[in-house]
Each structure stands twice: as structure tokens, then as C-alpha cells.
Amino acid sequence: MLRFYFPPPGLRVACCRKMSTTSQPICRKFVPVEQSEVTSISKHDGFKFRLVSYNILAQAYVKSSYFPHSPSPCLRWKARSQAILTVLKGLEADFLCLQEVDEYDTFYKKNMESLGYASIYIQRSGKKRDGCGIFYKQDNAELVMEEKIDYNDLVYLIEDGKTSSLDNVINFPVGGNKDESKAGSEQKDSQVDRGDPNDPRVRLKRDCVGTMAAFRLNPSCHHVIIASTHIYWDPEWADVKIAQAKYLLSRLAGFKMLVSEKFNCLPSIIVAGDFNSVPGDQVYQYLVSGSNLTGPETADDVPIPLSSVYAFTRGEPDFTNCTPGFTGTLDYIFFSPSGNIKPVSYLELPGSESSDISGGLPNDFHPSDHLPIGAEFEVQA
């Protein structure tokens with residue numbers, strides 16, 4: 001979705017289906033991780049699976065007024081829908097964590113089934129038409145448990161007096177949102193008619209969601225928990241975003257316990273999505289802080305230690321979202337480094353000088369304003 005942030009200071013393989021008469025969408029390759037970069041990987045004969053995260057840009061938010069830099073033909077649903085399918089198919093992933101999915105029942109569910117994917121999905125609260133989904137190859141993974149995440153539940157926790165575990169991250173600034181003139185498709189999330197932004201019951205109701213599920217991998221029988229989520233967008237509302245991140249990890253910790261007890265296993269954890277947070281900001285630092293614990297208080301505060309796949313293997317990319325108003329990294333795949341999986345390859349991303357991102361996205365080469373990110377994991381015995 002188009003954003004106007006003010007953050008702090010290749011080889012390509014074309015997919016087969018054309019998006020227009022002159023160009024076609026691009027699928028980049030997966031790049032193997034050098035063994036010296038992941039020192040714990042000593043053999044390469046373990047079971048592997050591939051996961052991709054992609055904010056595909058909901059068609060409900062695609063308007064020429066939001067994306068005046070984009071060629072009109074590539075914004076039309078008929079072209080975009082087929083281009084997105086082409087990209088998803090070309091990535092050859094075992095798991096696809098997708099955000100901003102609308103037209104789920106009418107388009108994605110049945111078309112992805114024809115490609116061998118089953119799926120779970122949650123639509124955003126309120127009047128929002130998009131949501132988050134996990135699509136998985138039925139031949140390679142069995143769904144054994146799932147839970148939905150509605151970040152509006154933070155409101156009910158406040159009303160029920162159950163916010164003690166979140167109090168240290170919910171610090172509402174006086175004056176509420178300092179910038180209500182943000183342009184672009186995010187205007188749909190404006191504060192008009194929402195009520196007093198200083199009221200936490202209003203402030204936390206952002207209609208953001210996620211979904212998480214436990215899978216048994218075939219043929220290894222290893223259990224893995226995968227979450228797909230989309231965190232609130234506004235950089236002026238960092239308190240809300242960090243509250244959502246904390247709620248996400250709290251829910252994941254509880255879900256991990258349930259899965260562990262029910263299946264007598266130690267599941268690996270992967271959390272993917274659009275976190276609307278640049279590397280180094282509060283949300284990012286919170287999510288990865290558990291991977292560098294310095295004491296018992298930090299360990300209690302961050303229930304699940306996570307590392308970013310790209311930071312772990314090659315460094316965070318320069319950008320995963322590219323428009324004239326904002327170009328930067330917002331999308332991540334986090335994994336628990338203490339588990340039995342390690343990334344052995346990552347999906348290549350274009351550089352700032354790549355011709356296919358010139359002028360901003362979406363365009364004929366990329367059907368969303370975001371780029372897909374991905375990794376191949378090896379299950380360690």
C-alpha cells in the first residue's frame with residue numbers, strides 16, 4: 001500500500017505469463033547462503049522447505065490517484081491478478097505468507113488450489129476487505145492446528161483489566177496523531193469518526209490481523225509454526241505498533257506451548273509479514289531483542305527469541321517497498337535461531353539501480369508496491 005514515510009537516515013528470471021504486450025512480471029532466484037555465513041550448517045542432505053512472504057497489494061487500494069506513477073494497464077485487476085499468480089507460481093514456495101489479500105473467496109482460494117496450495121485466511125476487522133493468509137503445498141505439509149490474531153483484542157484486554165503484560169509498551173502520547181494529512185491509500189485508516197485518539201480503546205482499534213498455524217512437514221514429520229501478519233502502518237503511532245508486536249509474540253508463545261504439549265514436539269517458529277517498520281526502529285528492535293538476551297528481565301519481556309533471515313544471512317535489503325513517496329524495508333521473515341531450522345538460501349531482491357523498479361512500483365514487472373522476500377530452510381536432525 002502506498003506510504004509517505006520519513007524514515008531515519010541482478011540476475012533475473014522472467015516468469016512465463018505476460019502482463020502486457022511489452023513486458024512480463026519478474027521472479028528472481030534463490031541465492032545459496034555461503035557455508036561460512038551460517039556456521040552451524042555442516043551438511044546439506046537435510047529436509048528443506050521454501051517460504052515466501054509477500055504483501056501483494058489489495059485491489060481495493062489500487063487507484064490511479066494513489067499510484068499516479070504506475071502505468072494504468074498494470075493497475076487493472078485482470079492484469080494484476082494474473083501477474084500475481086504468475087509470480088506466486090514462479091517462486092515455487094512450499095509456504096506463502098501473504099498480506100493485503102482481498103478477493104480471497106472469489107479468486108485466490110480456487111486459483112491457488114489449482115496450483116496445489118491449501119490455505120487459511122483471516123479478513124481484517126471492521127469494513128476492511130483485505131487480510132492475511134498462509135498458502136501451503138498440501139503434498140509437503142499437513143495443517144495440524146491454527147489460530148487467528150485480531151489486534152483489536154488489545155482493546156478488550158484493556159476493558160477487562162488484563163493489560164499488565166503490555167503496560168510497558170502502551171504509552172500513549174498526549175495529542176494523539178501528529179500528522180493527519182498523510183496521502184495515499186492509507187487515508188482509509190484516517191482518524192476521522194474513530195473517536196479520541198488519546199483513548200487507548202480507540203487508539204488500539206486499528207483493524208489489523210494475522211494468522212498462525214502449526215504444520216507437520218512431510219516426510220520429515222518435523223513441526224513448524226508459521227505466522228503471517230500485517231502491523232499498523234502509521235510511523236507516528238509507534239506505541240500502537242509495538243503493542244501489536246508484543247501481543248503477536250505473546251500469542252505465539254502460548255500457541256507454541258499448546259502445539260508442544262499436544263504433539264510432544266519442539267516446533268520451530270517462523271514469523272513473516274509486513275511489519276511497517278524499518279530496520280533499527282522500535283518494532284524491529286523489540287522483535288529481534290530476544291536473540292541477544294543480556295539478562296533474565298529481557299528474557300521475560302521477549303517470550304520468543306527471533307532473528308531476521310536477511311540480517312542473519314546477508315544483511316537487510318535496502319528496500320522491500322518502492323514508491324516515489326517511500327522506498328525502504330518494511331517486510332521481514334523472522335525465525336527462532338534456537339530451533340531446528342536454519343536458512344540455507346534467500347530470495348534475491350533488486351538493487352536501487354535495477355531498471356525493473358525505476359519510477360516506483362507497481363509496474364509491468366512487479367504487480368505490487370512491495371517485493372516478495374523468501375528463504376529456504378533446512379531442518380536439522
Side-chain angles (χ1 to χ4, degrees), residues 40 46-47 49 51 53 94-97 119-122 132-136 140-151 153-154 157 162-166 169 208-218 220-231 242-273 275 283-293 296-309 312 332-343 375 377-381:
S40 61
F47 175 79
F49 65 94
L51 181 143
S53 182
D94 299 295
F95 296 95
L96 291 160
C97 296
S119 58
I120 58 175
Y121 175 75
I122 178 173
C132 296
I134 300 174
F135 294 76
Y136 60 97
N140 301 338
E142 175 189 357
L143 175 66
V144 296
M145 188 181 295
E146 66 174 294
E147 283 189 10
K148 303 294 194 294
I149 302 171
D150 186 342
Y151 294 108
D153 288 344
L154 287 165
L157 291 176
K162 299 178 180 179
T163 59
S164 58
S165 63
L166 297 170
V169 294
C208 299
V209 296
T211 185
M212 56 186 173
F215 298 91
R216 182 183 294 113
L217 302 178
N218 299 322
S220 74
C221 293
H222 181 72
H223 288 78
V224 59
I225 293 173
I226 296 174
S228 175
T229 193
H230 194 174
I231 298 297
I242 195 70
Q244 290 180 347
K246 187 152 192 173
Y247 184 59
L248 169 65
L249 292 199
S250 175
R251 288 289 305 276
L252 272 168
F255 188 62
K256 179 184 179 182
M257 186 178 299
L258 288 175
V259 173
S260 299
E261 292 175 351
K262 182 172 182 178
F263 300 102
N264 190 28
C265 66
L266 293 173
S268 303
I269 294 179
I270 300 174
V271 186
F275 290 84
V283 171
Y284 182 93
Q285 287 300 115
Y286 173 73
L287 290 170
V288 302
S289 61
S291 62
N292 296 289
L293 299 178
E297 291 183 0
T298 308
D300 290 340
D301 189 51
V302 183
I304 298 177
L306 297 172
S307 291
S308 165
V309 162
F312 189 79
Y332 305 92
I333 299 171
F334 297 102
F335 74 104
S336 182
S338 59
N340 294 320
I341 59 171
K342 290 292 186 293
F377 293 90
E378 183 175 69
V379 178
Q380 304 294 292

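Worth knowing before you read on, the calculation uses all heavy atoms, side chains too, and leaves out hydrogens, waters and symmetry mates. We count residues from 1, following the sequence as given.
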J.: Any heavy-atom pair between the side chains of I269 and F335 that's under 4.5 Å?
T.: no
J.: Measuring from M257:CE to L252:CG, what's the distance to the nearest 0.5 Å?
T.: 12.5 Å
J.: Report the relative orientation of the aromatic rings in F334 and F275; use parallel for angles under 30°, tilted for 30 to 60°, perpendicular for over 60°.
T.: perpendicular
J.: Could you check if a side-chain atom of N218 sits within less than 4.5 angstrom of a side-chain atom of N140, using non-hydrogen atoms only?
T.: no
J.: Does K256 offer a backbone N or O that forms a donor-acceptor pair with the side chain of S260 under 3.5 Å?
T.: yes
J.: Are the side chains of L258 and E147 in contact, using a 4.5 Å heavy-atom criterion?
T.: yes
J.: Have a look at F377 and tell me which of L217, V224, N340, V309 forms a side chain to side chain contact (heavy atoms under 4.5 Å, CB included) with it.
T.: V309
J.: Between L51 and Y136, is there a side-chain heavy-atom distance shorter than 4.5 Å?
T.: no
J.: Using modelled atom types and a 3.5 Å cut-off, is there a donor and acceptor pairing between side-chain atoms of R251 and backbone atoms of K148?
T.: yes
J.: I want to check something: taking the side chain as every heavy atom from C-beta on, are I225 and V271 in contact at a cut-off of under 4.5 Å?
T.: no
J.: Would you kindly say whether S268 and H223 are connected by a side-chain donor-acceptor distance under 3.5 Å?
T.: no
J.: Is the closest side-chain heavy-atom distance between T229 and I149 below 4.5 Å?
T.: no
J.: Holding to side chain to side chain donor-acceptor pair (under 3.5 Å), I want the full list of residues that pass it with T211, two or more places apart in sequence or in another chain.
T.: none
J.: When you measure from the side chain of S289 to the backbone N and O of Y286, does any donor-acceptor pair fall under 3.5 Å?
T.: yes
J.: Can you tell me if S53 and Y332 form a side-chain donor-acceptor pair at under 3.5 Å?
T.: no
J.: Does a side-chain heavy-atom distance below 4.5 Å link I341 with Q380?
T.: no
J.: Please report the interatomic distance CG(L287) to CD1(I231), rounded to the nearest 0.5 Å.
T.: 7.5 Å
J.: Quick check: do H230 and V209 have side-chain heavy atoms less than 4.5 Å from each other?
T.: no
